Amino acid sequence: MQKMAAPTSMVPVIAVDEDKCVNCHMCIAVCPVKYCIDGSGEKVTINADLCIGCGSCVKACTQKARVIIDDAAPFLEALGRGEKIVAVAAPAIASSFPGEYRRFMGWLKAQGVSAVFDVSFGAELTVKSYLHHVERTAPPLVIAQPCPAIVAYIEVYKPELLPYLAPADSPMLHTIKMIKQYYPEFKNHKVLIVSPCAAKKREFSDTGSGDYNVTIRSFKAILESRKVDLSRQPEADFDNHPAERAVLFSTPGGLLRTAERDAPGIRASARKIEGPELVYPYLDSLPEALKRSANPLLVDCLNCEYGCNAGPGTLNQDASPDIMERHVERRALEGRKRYAGKAMSDKAARKAVKKVVARFWEPGLYGRTYRDRSANLRLRTPDDTQMGTIYRDMLKVDARDHLNCAACGYKSCQGMAIAIHNSLNKAENCHLYRQRLIEKEQVVVDDSSTRLHAEIQRALSDVGTIAGELETLRVRASSQFNAIEESAAAVEAMIATLASASTMAAGKRTQVSSLARSAAAGQTDMHITMEAIRKAAAGVSGVGAMIGVIQDVADKTNLLAMNAAIQAARAGTAGKGFAVVAGEIRLLAEATGSQVANIGSSLKTIVEQISSSDDMTLKTENGMQTISKDVGVMADEMSALIDSLTEISGGGAQVTAGIGQLRTTSQEVREIYSTISGEITGILALIRTIASISNETQRTIASMVRT
Ligand code: SF4
Ligand code: SF4
Ligand code: SF4
């Protein structure tokens with residue numbers, strides 16, 4: 001049984017920018033070890049003692065909330081205070097600064113870096129160390145360890161593989177140790193690593209070698225912030241011997257291609273594997289393979305899918321591997337030409353590089369030991385009862401609820417349940433749990449929606465009824481308005497007629513007064529006439545008396561005439577003339593008598609007539625008196641009537657004003673009706689729209705409930 005080691009802390013190499021983290025748990029999904037991330041809160045946190053520093057989350061986090069903790073700031077500070085520093089550059093600089101990596105080294109030196117070493121030569125030393133280990137100990141399995149993420153994984157999660165980790169440093173540490181051992185002028189210099197990797201920093205703390213792990217990504221940012229144009233920088237070369245082909249070490253399979261030079265056929269007993277999706281499950285399976293002796297001799301493994309050239313600290317994560325590796329291959333070719341000569345003979349190359357490597361290699365110098373950090377993983381495994389409780393809390397009721405969909409970031413429901421059991425996650429982050437909650441809410445929403453729909457339909461019906469009643473009201477109001485209009489017109493016409501009658505009556509007031517006056521005058525005149533007639537009758541009576549006198553005279557004359565004629569006849573001829581005169585006088589007296597008789601008769605008639613006229617006149621006077629009196633009464637009544645008419649006519653103005661007000665009010669009512677009608681129409685349209693949305697919502701909810 002594996003002895004449990006004490007917990008050991010590991011240097012944090014990845015941080016979470018809480019301001020950017022949206023708690024999407026993509027990082028958990030890509031993290032090969034999962035339980036280093038606490039997803040139970042509002043933001044994720046990292047347990048550095050479980051994080052292997054693979055950088056997968058840095059690449060996967062679309063929010064850029066995952067950042068590599070490197071030593072850019074301390075390095076720049078150290079440079080600023082004149083600290084002596086040498087740099088060890090990873091092969092990835094060639095692909096990260098294509099065509100300009102020598103100028104980048106020139107810039108480093110211009111900043112005060114004393115020398116730049118090529119880690120590829122350290123890879124040559126590493127191959128030598130590996131082969132030495134194989135030759136010396138004939139191990140059943142050697143796991144290459146250039147990758148600190150893989151080292152950390154085995155230390156924490158697969159300690160049973162620790163005996164098979166190559167007991168030799170990574171190429172980087174080979175280079176650092178070589179500098180300290182073989183370049184005494186730099187022995188006391190601090191070492192800067194121009195690094196493609198977040199986890200490299202851990203090698204420093206684990207081995208005590210190396211000081212500043214600054215990623216190529218950070219250098220790119222520094223150059224940009226300082227507006228450094230690399231094309232204007234002087235070129236500089238590495239200060240150590242070049243590699244032959246070990247520059248390939250940074251690419252997948254590069255170790256084998258290099259080792260093949262010195263141990264032909266080694267590929268046949270080797271496994272090349274990279275990428276977090278593959279390499280960690282592979283390592284998990286390795287103990288079993290080992291147990292069955294089915295393992296390869298050499299496992300050439302890297303965490304990053306395209307090797308260190310596309311490590312999380314490079315600028316190549318999205319680059320084409322073909323383009324990226326072309327720069328590496330070109331450098332490998334240059335190295336081979338340098339060692340193998342024009343003939344490109346492997347034998348010559350091997351011989352030449354062996355000679356150089358021998359100068360910088362010695363047994364024990366590059367040995368590496370590892371620590372069992374499995375105690376860091378204090379993961380409690382829930383028993384069946386606890387598991388059942390957790391699943392119930394996750395609203396999983398039967399096996400069908402174990403979707404193993406990986407939406408929580410773990411590969412299985414069991415993985416999530418373990419995380420929950422260890423307070424590293426919560427049920428709310430399970431896809432199914434959320435779905436169940438949504439379903440519950442859907443039921444509530446469905447119910448609410450149904451009730452809402454019913455209410456809307458009722459409102460629609462009510463508003464429809466109101467609209468119908470409003471229409472009836474409109475028709476009634478319209479006829480009322482028309483009636484008012486007609487009545488107003490009739491009243492106005494009547495008032496106009498009254499006004500006209502009043503005016504006319506006022507005009508007749510003078511005539512009525514004049515008539516009364518005329519009647520009174522007629523009565524007076526009639527009285528005067530009566531008096532005159534009475535006087536005339538009296539006169540006629542006088543004439544009658546005179547006529548009697550005249551008759552007497554005429555009778556006496558006639559008598560005289562007859563006496564005269566008798567005297568004249570007695571006188572004979574002498575009385576003849578007298579007789580004639582007497583005749584004449586008798587004739588005259590007779591005529592007068594006749595005339596007087598006639599006159600008397602006439603006077604009698606006149607008197608009778610006057611008498612009769614007097615009666616008539618009296619009657620007439622009486623009639624005139626009555627007429628005058630009646631006309632006076634009539635004039636008074638007429639005057640009163642005119643006064644009433646005038647008063648009525650005056651009242652007509654008030655009625656007209658009232659009608660005007662009635663019209664205004666009526667118009668206002670019409671406008672209010674129009675507004676209400678418009679609003680009701682709008683409300684109706686709105687409720688219809690709401691009803692249609694409600695229908696749509698109901699259909700959607702129904703389809704959601706179905707799915
Ligand atoms: S991937 Fe991880 S760090 Fe990035 S936002 Fe999502 S939860 Fe946060
Ligand atoms: S660096 Fe790797 S191990 Fe660490 S949290 Fe990110 S994905 Fe997980
Ligand atoms: S069902 Fe839930 S717990 Fe299971 S894998 Fe999917 S999200 Fe994770």
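In this chain, residues are counted from 1 in sequence order. As the structure is a computational prediction, the values presented were derived from the model and not from experiment.
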Report the distance from atom [atom1] of [X] to atom [atom2] of [Y], rounding to the nearest 0.5 Å.
X      : Y      : atom1 : atom2 : value
Asn429 : Tyr410 : CG    : OH    : 8.0 Å
Leu50  : Ile37  : CG    : CD1   : 10.5 Å
Met26  : Cys57  : CE    : SG    : 12.0 Å
Asn316 : Ser96  : CG    : OG    : 4.0 Å
Lys272 : Thr251 : NZ    : OG1   : 8.5 Å
Ile85  : Lys109 : CD1   : NZ    : 14.5 Å

**Q.** side chain to side chain contact (heavy atoms under 4.5 Å, CB included) between Leu283 and Leu286, worked out
**A.** CA-CA 5 Å; Leu283 291 175; Leu286 205 45; 4.2 Å; yes

Does any N or O in the side chain of [X] come within less than 3.5 Å of the main-chain N or O of [Y], such that one atom is a donor and the other an acceptor?
X      : Y      : result
Asp239 : Phe117 : no
Lys34  : Gly415 : no
Glu260 : Arg267 : yes
Asp211 : Val191 : yes
Tyr157 : Ala152 : no
Arg350 : Arg261 : yes
Asp118 : Phe238 : no
Asp49  : Met10  : yes
Arg336 : Ala349 : no
Glu124 : Arg245 : yes

Any non-hydrogen side-chain atom of [X] less than 4.5 Å from a side-chain atom of [Y]?
X      : Y      : answer
Arg66  : Val44  : yes
Ile150 : Val279 : yes
Ile52  : Pro32  : yes
Arg103 : Trp107 : no
Thr8   : Asp372 : no
Arg217 : Thr314 : no
Ser209 : Lys180 : no
Tyr339 : His241 : yes

Is the closest side-chain donor-acceptor distance between [X] and [Y] under 3.5 Å?
X      : Y      : value
Tyr182 : Glu362 : yes
Glu203 : Ser170 : yes
Gln145 : Tyr370 : yes
Ser129 : Thr126 : no
Ser40  : Asn425 : no

Q: List for me each residue that meets ring pair (Phe, Tyr, Trp, His ring centres under 6.0 Å) alongside Tyr164, sequence neighbours excluded, and say none if there are none.
A: none

Ring centers of [X], [Y] separated by less than 6.0 Å:
X      : Y      : value
His174 : Trp361 : no
Phe219 : Phe97  : no
Phe360 : Phe121 : yes

Looking at [X], I want to see if its [atom1] is surrounded by more than 12 non-hydrogen atoms of other residues, nucleotides or ligands under 6.0 Å.
X      : atom1 : result
Leu333 : CG    : yes
Lys43  : NZ    : yes
Glu235 : CD    : yes
Arg232 : CZ    : no
Arg292 : CZ    : no
Gln414 : CD    : no

Q. So which heavy atom on Ser114 is nearest to which on His189, and how close?
A. OG-NE2, 3.1 Å

Q: Might you work through the salt bridge (charged side-chain N to carboxylate O under 4.0 Å, His left out) test for Lys291 and Glu288, ending with a clear yes or no?
A: CA-CA 5 Å; Lys291 202 158 71 181; Glu288 181 62 23; 3.4 Å; yes

Could you check whether [X] pairs with [Y] (Lys NZ or Arg NE/NH1/NH2 to Asp/Glu carboxylate O, under 4.0 Å)?
X      : Y      : result
Glu160 : Lys158 : yes
Lys177 : Asp169 : yes
Arg371 : Asp206 : no

**Q.** Worked check of salt bridge (charged side-chain N to carboxylate O under 4.0 Å, His left out) between Lys84 and Glu185
**A.** CA-CA 11 Å; Lys84 291 186 181 312; Glu185 67 272 36; over 6 Å; no

Q. Stepwise, does the salt bridge (charged side-chain N to carboxylate O under 4.0 Å, His left out) test hold for Arg271 with Asp300?
A. CA-CA 6 Å; Arg271 160 74 63 187; Asp300 178 6; over 6 Å; no

Q. Given the rule in the side chain to side chain contact (heavy atoms under 4.5 Å, CB included) test, do Asp38 and Asn47 qualify, once you have shown the distances and angles that lead to the verdict?
A. CA-CA 7 Å; Asp38 185 343; Asn47 179 352; over 6 Å; no

Q: For Ser120 and Phe249, run side chain to side chain contact (heavy atoms under 4.5 Å, CB included): C-alpha distance rounded to whole Å, both residues' side-chain angles, the deciding distance at 0.1 Å, then the answer.
A: CA-CA 7 Å; Ser120 304; Phe249 229 83; over 6 Å; no

Q | Option from Lys201, Lys190, Lys200 for which salt bridge (charged side-chain N to carboxylate O under 4.0 Å, His left out) with Asp71 holds | A | Lys201

Q | Test side chain to side chain contact (heavy atoms under 4.5 Å, CB included) applied to Cys301 and Ile143, step by step | A | CA-CA 7 Å; Cys301 53; Ile143 303 170; 3.8 Å; yes

Q: In sequence, state the C-alpha distance, the side-chain angles, and the governing distance for Tyr153 and Asp284, and then conclude on side-chain hydrogen bond (donor to acceptor under 3.5 Å, both in side chains).
A: CA-CA 10 Å; Tyr153 183 79; Asp284 289 346; 2.5 Å; yes

**Q.** Criterion salt bridge (charged side-chain N to carboxylate O under 4.0 Å, His left out) on Glu100 and Arg102, from CA distance to verdict
**A.** CA-CA 5 Å; Glu100 289 186 324; Arg102 284 193 171 85; over 6 Å; no

